[in-house]
Asker: 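Okay, here's the structure, questions in a sec.
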Amino acid sequence: MPASESLNTQTNDSSFDDIWEELAWRGLVAVSTDASELKGLLAGPPITFYCGFDPTAPSLHLGNLVQLLLMRRLQLAGHRPLGLLGGSTGLIGDPKPTAERTLNDAAVVAEWVGYLQHQVSKFLSFDGENAARLVNNLDWTARMSALDFLRDIGKHYRIGTMLKKDAVSARLNSDEGISYTEFSYQILQGLDFRQLYVDYGCVLQTGGSDQWGNLTSGVDLVRRAEGVGVHAIGTPLITNSDGRKFGKSEGNAVWLDPALTSPYAFYQFWLNADDADVIGRLKVFTFLSRKEIERLADAVAHEPFKRQAQRTLALEVTTVVHGREATAAAIAATGALFGQGELADLDPQTLESALRELPNTTTIPDATVMQVLVDTGLTSSLGESRRAVEQGGVYLNNIKVVDAAALVGDSMLPGGFSVLRRGKKTLAGVFVE
RNA sequence: GGCAAGUUACCCAAGUGGCCAAAGGGAUCUGACUGUAAAUCAGCCGUCUACGACUUCGUGAGUUCGAAUCUCGCACUUGCCA
């Protein structure tokens, strides 16, 4: 439901000469085929372009969000998006630099395709002249025989070129090696581009720059098989300013599915963006204008403690992904839980709904705080709970828990619930019956 | 198919019969400082009914008073040869 409600308010920034200029300013182009040709292409009559999403998990994540928003920007510029779901490529898995993937069960992949399809559809408009369209590469791959594959497609591929792709050579140089299955992935992806060119006149593919080898695979195949020059854009990998991977929070990726990453957690993720990163994030993940973003950059420079850019970022991105209502709830919860006042002074109703946004559990007054920490997922074992308490990192209703044997019933708020906190900002709700 | 090397906790990586729940680094987590930021410093970092017990060093058997360490089988990875 959410997302799509934002579609009507999204626009590109008209202060740019053309969409290419805007994409460049937003830092969305890390690599591409001939830049001046692309610029001309995107400034001209509507083209059809595509971006693929492989079902390697039950939900899309932040890396995919970059692609989805790029697609939307291109659509707003008048171009026609094809959202490709990797029903077949997801069965194979693209080579990760470090390790071979474990193959997922076909039924599971098919199920995930359904989830992703639903998610992708929320970010694109399916109305009007340049309505988006979803396709599944299983539709044309499944019926292709091994012989057709080798004769019609394989003949266009040179092993030398394939070996030189970063994703492949990295693995060949590691002691992990690479299976024939994953080695072949680039051909499957190339096949997609060709098929979409033939069926829809698709002339541009976008993807992460780590997929550059796979993007060019398609460009090469279309040139060889169809004699046509098509294009590819690789977006930069989003990393934190200190080079660490982005979108990993407590060891888990930030998902777009609210069941996997709650809107509250999602909102918090953006709110916690580093000063050094926040402006870049605004450019990539919001539809705010250059003028507005420059104003926020100024705010970061002169009054960083107000964290205006972070607040705006969190508001904008959460709204785009989860909708206004969920965002409002996340902000309300944030206000209640991180506000200055006493928890006991808060309206129990407000507080309770805030706690519902958090990981929470229902228990009895005699339960130990240590056990509840585990139940809410704040810690993963009693030992870790014990350590957290010993280190002075556990708070029940903002009162530091000093006794490892403390019970939930020792401190309760009016209304029969408690705010359990680990560290400075990891919170959970405890409902006592 | 032959020969060789390898498989250690979230990741990298020491350890080659007892002093090993296993060095070191990184990541995560906690504390101090702060702005729910960064940087820095410190601590924690297998599980538990916790001064002790239990389960781990690819996997299954075995040798031994005692095995991550030795032997054999199996699986997987890499390199060289065919």
Side-chain angles (χ1 to χ4, degrees), chain A residues 95-103 168-183 239-254 264-282 296-297 299-315 318 330-341 343 354 357-359 368-371 373-374 376-395 398 400-405 419-428:
Chain A
K96 289 192 291 181
T98 47
E100 186 82 10
R101 289 179 187 270
T102 313
L103 289 178
V168 172
S169 68
R171 284 278 292 281
L172 283 174
N173 291 329
S174 76
D175 50 6
E176 182 81 12
I178 185 168
S179 68
Y180 182 72
T181 307
E182 289 192 5
F183 174 64
T239 54
N240 285 335
S241 55
D242 52 11
R244 269 184 287 131
K245 66 251 170 215
F246 163 76
K248 304 279 184 184
S249 160
E250 288 160 54
N252 296 313
V254 175
Y264 169 81
F266 191 85
Y267 180 84
Q268 285 287 322
F269 171 80
W270 295 102
L271 191 61
N272 280 305
D274 298 358
D275 287 1
D277 296 325
V278 68
I279 297 305
R281 300 280 186 269
L282 283 164
L296 289 167
V300 173
H302 294 105
E303 40 184 21
F305 50 90
K306 287 192 179 172
R307 304 172 68 251
Q308 213 175 89
Q310 278 89 343
R311 284 177 212 286
T312 309
L313 176 68
L315 169 68
T318 310
I331 292 173
T334 296
L337 298 166
F338 286 95
Q340 298 302 315
L343 284 173
E357 299 289 322
L358 268 43
T368 62
V369 171
M370 293 212 305
Q371 183 58 50
L373 280 165
V374 176
T376 53
L378 255 42
T379 58
S380 55
S381 71
L382 288 176
E384 195 180 332
S385 295
R386 182 187 304 272
R387 261 178 256 126
V389 170
E390 282 167 359
Q391 292 181 130
V394 177
Y395 296 79
N398 283 344
K400 185 180 283 196
V401 176
V402 289
D403 179 6
V419 179
L420 187 61
R421 173 155 66 91
R422 181 185 184 197
K424 218 170 342 182
K425 53 195 181 188
T426 315
L427 295 149

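Here is how names work: the chains are called A, B, and so on, in the same order as the sequence lines, proteins then strands, and each is numbered from 1. As the structure is a prediction and not an experimental result, all values here were calculated from the model.
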Asker: Which comes earlier along RNA chain B counting from the 5' end, the contact point of Q268(A) or that of G393(A), where each point is its nearest nucleotide?
Answerer: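 The answer here is G393(A).
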
Asker: Have a look at R422(A) and say if it touches a base, only the backbone sugar-phosphate, or nothing, with a 4.0 Å heavy-atom cut-off.
Answerer: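 Sugar-phosphate contact only - R422(A) comes under 4.0 Å of backbone atoms but never of a base.
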
Asker: When you compare A68(B) with A27(B), how far apart are their C1' atoms, in angstrom units rounded to a whole number?
Answerer: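 It comes out at 24 Å once rounded to the nearest Å.
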
Asker: Check side chain to side chain contact (heavy atoms under 4.5 Å, CB included) between L382(A) and all other residues, then give those that pass, not counting sequence neighbours.
Answerer: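 Result, side chain to side chain contact (heavy atoms under 4.5 Å, CB included) vs L382(A): M370(A), Q371(A), V374(A).
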
Asker: Go nucleotide by nucleotide along RNA chain B from the 5' end; which of K306(A) and R386(A) gets its closest nucleotide reached first?
Answerer: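 Of the two residues, K306(A) wins.
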
Asker: Expressed in whole Å, how much space separates the P atoms belonging to C54(B) and A37(B)?
Answerer: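 So the two P atoms sit 43 Å from each other.
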
Asker: Searching all strands shown, indicate the nucleotide that pairs with U64(B) (Watson-Crick or G-U wobble; both distances under 3.5 Å).
Answerer: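 U64(B) is paired with nothing.
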
Asker: Taking only N/O atoms, report every protein-nucleotides 75-80 of chain B pair under 3.5 Å with atom names and distance.
Answerer:
| unit_1 | atom_1 | unit_2 | atom_2 | d |
| --- | --- | --- | --- | --- |
| U77(B) | O3' | E176(A) | O | 2.8 |
| U77(B) | O2' | D175(A) | O | 2.3 |
| U78(B) | OP1 | E176(A) | O | 3.3 |

Asker: Between C1' on U36(B) and NZ on K424(A), what's the gap in Å once rounded to a whole number?
Answerer: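 Value for this atom pair: 7 Å.
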
Asker: Have a look at T379(A) and say if it touches a base, only the backbone sugar-phosphate, or nothing, with a 4.0 Å heavy-atom cut-off.
Answerer: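 Here T379(A) touches no strand at all.
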
Asker: Counting side-chain heavy atoms from CB outward, which of U36(B), G31(B), U34(B) is closest to Y395(A)?
Answerer: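 The closest nucleotide is G31(B).
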
Asker: My understanding is that a pair needs two contacts under 3.5 Å, Watson-Crick or G-U wobble. By that rule, which nucleotide pairs with G43(B)?
Answerer: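 Pair assignment: G43(B) / C29(B).
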
Asker: Within the structure shown, what part of the strands sits under 4.0 Å from E390(A) by heavy-atom distance: base, sugar-phosphate, or nothing?
Answerer: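 No contact.
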
Asker: Consider side chain to side chain contact (heavy atoms under 4.5 Å, CB included). Of L427(A), L337(A), L378(A), V401(A), which one does R421(A) pass it with?
Answerer: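 Between R421(A) and the candidates, side chain to side chain contact (heavy atoms under 4.5 Å, CB included) is satisfied uniquely by L427(A).
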
Asker: Quote, to the nearest angstrom, the C1' distance that separates G26(B) from A13(B).
Answerer: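 That atom pair is separated by 11 Å.
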
Asker: Treating primed atoms plus P, OP1 and OP2 as sugar-phosphate and everything else as base, which nucleotides of nucleotides 41-48 of chain B get B, S or - for protein heavy atoms under 4.0 Å?
Answerer: --BSS-SS

Asker: Do Q310(A) and D274(A) have side-chain atoms, one donor and one acceptor, less than 3.5 Å apart?
Answerer: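 The criterion, which ignores hydrogens and geometry beyond distance, is not satisfied for D274(A) and Q310(A).
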
Asker: Taking the side chain from R171(A) and the backbone from G177(A), do they hold a donor-acceptor pair closer than 3.5 Å?
Answerer: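 Confirmed, R171(A) side chain pairs with G177(A) backbone.
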
